[in-house]
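As structure tokens, the structure follows; a few thoughts come after it.
Being a predicted model, the structure only gives us computed values, none of them experimental. In what follows, chains carry the letters A, B, and so on, assigned in the order in which the sequence lines appear, proteins first and then strands, with residues in each chain numbered from 1.
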Amino acid sequence: MGTLTIGCFSSFIGSMNLDFAFKLASAAADKGHKVNIWFSGNATTVTKKGQKHLKDYSHGETPLRELIEKGVEVCTCEACNLARGIQKPDAVEGVQWNAMQWYLAKIYGSDRVLHIGGE
Amino acid sequence: MADVKLAFIVQRPPYKSENPKLAITHAIAYQVVEILLEEGETVTPTLCFVGDGVLACIKDQKAMDNYGITSTETHLKNALLVDLNVLVCKEDLERFGISEERIIDAEEMGAEVKIQAVPFAEIQKTMESANHVLFF
């Protein structure tokens, strides 16, 4: 089995990129691959808990919790979160808070990297 | 023991998007990634500016004066101070009419490396030789 690291930099609401990343991560984890997800920039807003699942908008909290439950390692950029007013107690439990070196270290040990840049 | 080569390709303009700043700060993180790796394991990034991304390399940016934020210029100078390999596409500079004299350097801060204006073919080679390519 391989290791896949997904770097997410694009907005959560406003693009479908993170919806795609979550589905891919879930499928890879179901097949037994090790999956890491890194959030940076606008993507970090997906870590905020208490999201209301309105049918016209993407919903990240439930899939994120399911991924963590499956053993997917999820980490968010602490500075990016704080700059957006999201404190650690506001975030989905199980999401790690770290800095860019976490992403580089996970890339180091990955067979494949999918880097989804911001808008 | 191994080195993993990463190509950070910046194609978005600064300030309109956060991408150039994030590319630079992520690349600079190679300096501290070793605390999370085993002995002898290293990450070597090359930061490449292409397309509209070359606008990030122009000196005398006034981001702090106008927006109250650290300029992309300051981030790039920090990158040069930690000896990051930084390439900018020569053809795209010419397309924008930007002479090489207008490119940022950090000599006054003691940096030993400079941003290198290179043909796109060299950036292509960098991407081909990298283990992973990250587009910003």
- Query: Are B:His26 and A:Ser40 close enough that some pair of their side-chain heavy atoms sits under 4.5 Å apart?
  - Reply: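 Side chain of B:His26 against side chain of A:Ser40, heavy atoms only: contact under 4.5 Å found.
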- Message: So B:Tyr30 and A:Gln101, do their side chains get closer than 4.5 Å, heavy atoms only?
- Response: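 They are not in side-chain contact.
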[X], [atom1]: over 12 other non-hydrogen atoms inside 6.0 angstrom:
X: B:Glu112; atom1: CD; answer: no
X: A:Lys70; atom1: NZ; answer: yes
X: A:Tyr57; atom1: OH; answer: no
X: B:Glu38; atom1: CD; answer: no
X: B:Lys125; atom1: NZ; answer: no
X: A:Glu69; atom1: CD; answer: no

Show the nearest heavy-atom pair for residues [X] and [Y], with the distance to one decimal.
X: B:Leu22; Y: A:Cys80; answer: CD2-SG, 4.4 Å
X: B:Phe135; Y: A:His115; answer: O-CD2, 3.1 Å
X: B:Glu18; Y: A:Gly41; answer: OE1-CA, 3.5 Å

First locate atom [atom1] of [X], then atom [atom2] of [Y], and finally report the distance between them rounded to the nearest 0.5 Å.
X: B:Leu36; Y: A:Lys106; atom1: CG; atom2: NZ; answer: 8.5 Å
X: B:Leu134; Y: A:Phe9; atom1: CG; atom2: CZ; answer: 7.5 Å
X: B:Asn131; Y: A:Arg112; atom1: CG; atom2: CZ; answer: 11.0 Å
X: A:Ser10; Y: B:Asn19; atom1: OG; atom2: CG; answer: 9.5 Å

- Message: Donor-acceptor pair, distance only, cut-off 3.5 Å: does the side chain of B:Arg12 make one with the backbone of A:Gly118?
- Response: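 Judged by distance alone, yes, a pair lies under 3.5 Å.
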- Counting N and O atoms only, with roles assigned by atom type, does the side chain of A:Tyr108 sit under 3.5 Å from a partner on the main chain of B:Ala2, one being a donor and the other an acceptor?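 Yes, because the side chain of A:Tyr108 sits within donor-acceptor range (under 3.5 Å) of the backbone of B:Ala2.
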- Query: A:Leu54 and A:Ile13: same hydrophobic cluster, using ILVMFWY side-chain contacts below 4.5 Å?
  - Reply: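 In one cluster with A:Leu54: A:Ile13, yes.
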- Message: Could you see if B:Val4 belongs to whatever hydrophobic cluster contains B:Val33? Use Ile, Leu, Val, Met, Phe, Trp, Tyr and a side-chain cutoff under 4.5 Å.
- Response: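 Yes, same cluster.
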- Show the numbers, then the answer: is there a side-chain contact (heavy atoms from CB on, under 4.5 Å) between A:Ile107 and B:Val43? CA-CA 9 Å; A:Ile107 288 176; B:Val43 172; over 6 Å; no
- Message: Using heavy-atom distances under 4.5 Å, tell me whether B:Ile28 contacts chain A through its side chain, its backbone, both, or neither.
- Response: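 Neither part.
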- Query: For A:Asn98, is it the side chain, the backbone, both or neither that has a heavy atom under 4.5 Å from a heavy atom of chain B?
  - Reply: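 Neither part.
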- Residues in side-chain hydrogen bond (donor to acceptor under 3.5 Å, both in side chains) with B:His132, at least two apart?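 B:His132 satisfies side-chain hydrogen bond (donor to acceptor under 3.5 Å, both in side chains) with no other residue.
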